[in-house]
Amino acid sequence: MKHTLMAACVASALAASPAFSQDIQSVAFFVNGTLGDKSFFDSAQRGMDRLGGELGLETRTIEAGFDPTRWESALVDLADSGEYDTIITGTFTMVSYVEQLSQEFPEVNFILFDGIVNYAECGCENVHSILFKQNEGSYLAGVLAATLTTETTDSLNPDPVLGFVGGMEIPVIQDFFVGYKAGAESVLTGPTMLEQYANNFGDPAIGKEIALAQYGQGADIVFAVAGGTGQGVLEAAVEQGRLAFGVDSDQAAIFAESNPEIANRIVTSVLKNVDNALVSAVTRIQAGENLFGTAEAQGLETGGVGLAINDVTRAYVSAETLSRLDEIAAQIIDGSIEVPTAF
Amino acid sequence: MQNEIVLAVDGLGKTYPNGTEAVKGVSFDLRRGEIHAIVGENGAGKSTVMKMLYGLEQPTTGRIAVAGQQVRLTTPQDAIDLHIGLVHQHMMLLESLSVAENIALGAEPVRGPFLDRAKMNREVAEVAATYGMNIDPAATVARLAVGQKQRIEILKVLYKGARILLLDEPTAVLTPQETRDLFKAIRGLTELGMTVVFITHKLVEVKEVADRVTVMRDGQVTGRVEPRDVTVAKIAEMMVGRPLSHKPAERRSPDLPASVTARDLTLIGLDGRVRLNRVSFDIRPGEILGVAGVEGNGQAALGQVLTGLLEPAEGAARIGGTVFTGRGVAAARALGIAAIPEDRIHDGIVTDMSIEENFVAAEYRNPRFSRRGIRDRNAVNAATREMIAAFGVKTTSEQTPIGALSGGNMQKVVLGREFTTQPRFLIAAQPTRGVDIGAAEGLRQQLVDLRDAGTAVLLISADLEETIALSDRIIVLFKGQIVAHFRAEEADENVLGLYMLGAERKAGANGCIDQQPEHAHV
Amino acid sequence: MSSIAGGQGSVLQEVIKTLVVIVIGLLIGMVIVLFISEEPTKVFDAILTGPLPSASTLDDGTVRWRGMTRFGTFLEDSITLALVGLAVAIPFRAQQFSLGADGQMFLGALASAVVSIYLPLPGIVLIPLAFLAAVIAGFAWGWLPGVMKARAGANEIVTTLMLNVIAIQFFIYCVTFLMLDRQAGFIVTPFFQDAAILNPLIHRTNVTWMIAVAPLVCLLAYLFLSRTNMGYELRVVGQNPAFGRRMGMPVDRTVALSMALGGAAAGMAGFHIANAILKRLPSDFPAGLGFEGIVVALLARNDPRLILPAALFYGYLRAGAQVMERTTDVSREMVLVVQAIIILLIVSENLLPRLGQWIGLGRSAR
Amino acid sequence: MTIVEFFQTLLTASFFAAILRAATPMVFAALGGLISELAGVINVALEGMMLIAAFFGVVGSTWAASVWPEASPLFFALVGAAAGLGAAMLLALVLAVFYLEFDANLIIAGVGINILAAGLTVFLLFSISGDKGSSAGLTSFALPTLPLRLLQDIPVIGGLFAGANGNGHHVLVYAALLAIGLVWVFLHKTRLGLRLRAVGENPDACRTVGVPVKRIQYVAILLSGFLAGLGGIYLSMGYLTLFQANMTAGRGFLALAAIFLGARSVFGTAGAAAFFGLASVFAAQLGLLDVPTAVVFSVAPLVTILALLAFAWRRQRRTRAQVAAELITLNARRKDTPDAQA
């Protein structure tokens, strides 16, 4: 049985939230890696750009690189500098650091996305955690993939085989697969689901090799949830003339200019709208809503996750199917479809 | 024809970046068809002059003219283009390549970018035939014998059309007989109009074959003579700068039981070749046993087995009844074995370390110098000072890197180190090689003194004169076997030479031992 | 091949040459910055003073120190660098080109983690035990290629590089499958027991008593090399193994020992990173520190006495680069470029004479 | 997925294509490394040379597209390839100058070159695209895949030339196969090849017969830069169509190991590089069998080490056997000629 860590934490956090409001003026985004993954961190960075542009905040992004020995000190240094009233950072990797720093620097606000602090233990009254129900978006992707692989005849394999390339075998990524699989199984009985992890978020070569292998086994569509590694999956799709699903950002739109060949292979992307979530959180805080000391889960309902529908999508997917996806989304939101989760 | 000047050198000088003036204002000329000897002590600058003539080094001052034309030789190729060829003292062969490839290298026949192997083999065979040398162009060099390799060295030069041959100590590793053959071949070449220059410090040879002699000392030309006109002693005086007297060491054959007994030492090399074949001998305390032999006939192997570096396949050597071979160097040294390695720079010292740290290397584990693995640097320092004084090492400090010393002083440190261990048995390989005549005399006296103090000494020297002068008894090695055994006073260079070449063999020569041994192995 | 075992020329000469090379490297870095940056003065300021803390007086008269973390980062980094520098320098002294510090460090950290997570012992036993485990792991992983070199003549460059891959993969395997903390949400071991974690000496930093251990280890290495028979053997074998053999020294053992001792130092670096900095081991533990060790060893001319200053200098540079990246438009990788230039210049035995020659030639050609 | 199914996938043309794909960069780099190794110059900087070529390949093609927008993508790719190869050879030249002119220690200088390449690529990538991770934001161009219909029509083995999807292999995959033969011919049939091997065996002997040792070592290092560069541009203009920070991921070091695993022969080295390729394909595909990739990734280095030890062991055993055999014949001879005995 999967641990229901997330649900438990959200519940306890919502229960205990003292009220104090905070004015946000300067925001720093701490990336425990580098930008340029065309998905997750880049989405967060778009949120930063909007905070700077739309809300006129002072912003700065710090790419701390891939050396974990430097993260703690860099983050402490940022908090200690006193130049930013709010620090944004993401992923479960950063949870323990944020838990610790929130106590040491009570005057600094933290917004943690795609991770949640343990409010019961650390207090963390200056931390707002944002989680994403990526399983909901992936469920839609699973439905779409299953539909495409059976209904569309255009150069696709008749057997229902669906690929999935994950960055690492960790709950956040597995959550995508669980939703994807449930969605596919809601359409087909017993589709072959290929699930493989690259153990790396920054190695497109491995991504490509795995994707090629999955296409070689008859996968029509490979869903890449692997940051930079996913770029290799997209290249494999081009080379094989097959299809891919992107993740986090609308990747078809990102590649539309620089590489239309790739863009045309990305039917859709499961959006994890970190940008929206960040902007909305900051806006609400500025409007006086007290989010610190609380966690929120962003799903289909709040627009935190979703499916990117663009020209490429429309080229591959019938209007009928699209409207069916809308219906399913509504059912997920109203609770009549319960999507399993990896947490 | 004899008077046509094919090469002239005028005011040649060479100063190295570190300030060493190796050659100062050297001038001489070479005539067509002559054999021209350049003599001088080690470090007199002979080799440097040769290197400059062959484009391996560039002169800092002076001019070189070939056939009246001033030339600049910046690479060996320039020299080769001017028909100058150099034969090195050491073999310069590529063991994994074929004979033809070795000979043609640098002037390979090609078709486009590709080697024309057929043509190469044909041409090499032709050249060899022209000069009366018999070789298989397709054979791999690694499989050849030393004599054949030497022929290849000379063919390499002739193949490239050399008319002026520079030979750097060509006779250093040859027996008198081989030397005579070589000079006969050289004479043949000069009769074909070639010019031969050779470096040597063996004055008898010079007197025998050279048409003219240039004598060098301290980088300068100190004499230019025709050997007919002068005595060997006179040339030697020009070389050294003072009159020399030769005094052989006093012979001794102490009537004591042998302290070192080697029995049936057999060594087979990693390539499967027999290096030593049942070598047996005895050495008494206070006796020097000389080993004569053409290089490559097992002397080096014998030294390595006796010092413990190599394990004999059969047989053993004992000191005072205890086996010391085949047990490693440390065990041998612990039993009182000491050794002067033949290649001082490679095996005898660490050039970058101080005199002190070089000195202590043989005995650093001795309680005098360390306790429980911790070094006593004061003790080392004191002992080094003593040694420096005793052996007259010229240095400013015992902390000076040994590499900064002259060859003779380095060798003094080496001797000092080995003698300080008060060895019962010393293996002295080429103890005076590369050392000034003056310093060499001192070193030889030290050896004799050590002998007189009761140490058994095995002397391995390529210098026959030295072997005869120092040894009490002499054995001759040929193809890893003892082929003759002399009392030193019975030996002379020509007789030794015959045995060294394997032309003669004394029956029962392997019995260079005091009593007939019981054969341990069959 | 030129010798890297050090020892040529006087120490003073070497130090001066090293300083000149550092200055040249930094100057080249500055020129690059001038070309690429729009705020060069800020860049220089960040690099030169970035790692230092700053004091400000608050309204109530108390002094508030900011930037202690940066300063701490500099010290923490220098400790790691000193240890990996030593890990490279000791085999270099024996003329062994060990590139295996990375793998040794990984295994050192892993060994320390096993002790630190699973052994329920009080800190006074646990920490020394973890330290020892790290040292032993590093020692063993260094000894292995040493023996292969000594006994089988296996090229140590190839074996150490291959052993690095194996060590890193083994590390990842252990963290991913055997020691995974399933609650963490990413691939990482559980936190070490509190008793196993080193206490910081400076608030908001991870500067621990390792700050004393690193210099002590350097001192021990110096004493080992200069005062012990084994150290003497190591130096002799490094300069001239044939000579060592003729003097009856255990050459094979010495070669293996030099690499094993280097490994032990690398293991300590692993311990430092694990128990002082990270306190748990993620699967993406940083690779490549072994190569940084080469820089330190070169700057120190493989002399243990100079390892510490070299590590401090290089640690300062790296900490400055981090500050530079955070506060200006120039990326941290510029330091890698400067580092590479310093490496190339420092190993060039013949640089100045040859350059002089070229300049001379240029003049005479005119 | 069962093991049977898994091995069925192994026996397909696409699996063969995958091995070729993965082996190509290492074959190039290993051949380059072999050339310099045989000339007596161990090239530790293969990794850096590949990396810099990969980077400039991408940047060069992007740059060409911005300067001559109306030209063809193939032209952009060729400009990129030229830029990549040029950069790799420039780096090789740096190594050569420092080693041959300034007497720098070869191994450390090689490590320095690797660090230079790692730093410079990321530094420039950031300066050009504002991105430190990859060049995905730049439009770059790949060298093409070549369908060789003639070869593909051969029965049985034709499938091997089909590539992963019937369109043949990348042009550089063919080039790598060709390079194996060319390098062999170069080393064993040309004058320069002979001289290069001679220089590696005994530079002094070469110098005395007028072979320009230094110049030949320059050529060898530059050639190894060129070949490593081909491996590098294949990574960013074939294997992938983008540059990724540190995308060589140790392939240069594996290539170096391949030389030793291949006992310094051309075919041995290429075979070893192919084996490394095979191992990396296994690592990617074995994931389907739930075999931890860490285990698979360790196989190739482990085999290399074991092979080095096996070589040494065989050598020692052969020597011992030779010595023993010689001793027997020696003793037999002694019995025949009692005269030689005392």
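Here is the naming used below: chain letters follow the sequence lines, and residue numbers restart at 1 for every chain. Note that these values count all heavy atoms, side chains included, but never hydrogens, waters or copies made by symmetry. Here the structure is a predicted model, which is why all the values come from computation and not from measurement.
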Can you spot which of D:Tyr99, D:Phe98, D:Phe102 makes a side-chain contact (heavy atoms from CB on, under 4.5 Å) with C:Leu344? D:Phe98
Any idea which of C:Ile172, C:Asn155, C:Thr159, C:Thr176 has the most non-hydrogen atom pairs under 4.5 angstrom with chain D? C:Asn155
State, to 0.1 Å, how close D:Ser127 and C:Ile36 come at their nearest heavy-atom pair, and which atoms those are. OG-CD1, 3.6 Å
Test side-chain contact (heavy atoms from CB on, under 4.5 Å) applied to C:Phe97 and D:Val44, D:Ile42, D:Ile108, D:Leu106, the passing residue: D:Ile108
So C:Met162 and D:Leu254, side-chain contact (heavy atoms from CB on, under 4.5 Å) or not? Walk me through it. CA-CA 8 Å; C:Met162 295 296 105; D:Leu254 282 177; 3.7 Å; yes
Using non-hydrogen atoms and a 4.5 Å limit, figure out which bit of D:Val41 sits close to chain C: side chain, backbone, both or neither. neither
For C:Leu336 and D:Ala118, the nearest pair of non-hydrogen atoms, with its separation, is CD1-C, 4.4 Å
Tell me the closest heavy-atom pair linking D:Gly119 and C:Val337, and the distance in Å. C-CG2, 3.9 Å
Option in C:Ile32, C:Val165, C:Val158 with maximal non-hydrogen atom pairs under 4.5 Å from chain D: C:Val158
At a 4.5 Å cut-off on heavy atoms, which part of D:Phe297 comes close to chain C: side chain, backbone, both, or neither? both
At a 4.5 Å cut-off on heavy atoms, which part of D:Phe253 comes close to chain C: side chain, backbone, both, or neither? both
For C:Ile346, is it the side chain, the backbone, both, or neither that has a heavy atom closer than 4.5 Å to a heavy atom of chain D? neither
At their closest point, which heavy atom of C:Met334 faces which heavy atom of D:Phe123, and how far apart are they? CB-CE1, 3.7 Å
side-chain contact (heavy atoms from CB on, under 4.5 Å) for C:Ile166 and D:Ile305? Distances and angles first, verdict last. CA-CA 11 Å; C:Ile166 294 172; D:Ile305 288 176; 4.2 Å; yes
Does some side-chain heavy atom of C:Phe291 sit less than 4.5 Å from a side-chain heavy atom of D:Asn114? no
Closest non-hydrogen atom pair between D:Gly112 and C:Ala340, with its separation: O-CB, 3.3 Å
Minimum heavy-atom separation for D:Gln316 and C:Arg151, please, with both atom names. NE2-O, 3.2 Å
Between the CG atom in C:Leu161 and the CG atom in D:Leu256, the distance rounded to the nearest 0.5 Å is 7.0 Å
Is it the case that more than 12 heavy atoms not belonging to C:Phe170 sit under 6.0 Å from its CZ atom? no
Toward chain D, the part of C:Leu99 with a non-hydrogen atom under 4.5 Å: side chain
Contact part of C:Phe171 toward chain D, heavy-atom cut-off under 4.5 Å: side chain, backbone, both or neither? neither
Working to the nearest 0.5 Å, report the span between CD1 of D:Ile107 and OG of C:Ser98. 11.0 Å
Which atoms of D:Val94 approach chain C - backbone, side chain, both or neither, heavy atom under 4.5 Å: side chain
Check against side-chain contact (heavy atoms from CB on, under 4.5 Å), C:Ile343 and D:Ile115: CA-CA 9 Å; C:Ile343 290 182; D:Ile115 293 173; 3.7 Å; yes
Are the side chains of C:Met148 and D:Leu308 in contact, using a 4.5 Å heavy-atom criterion? no
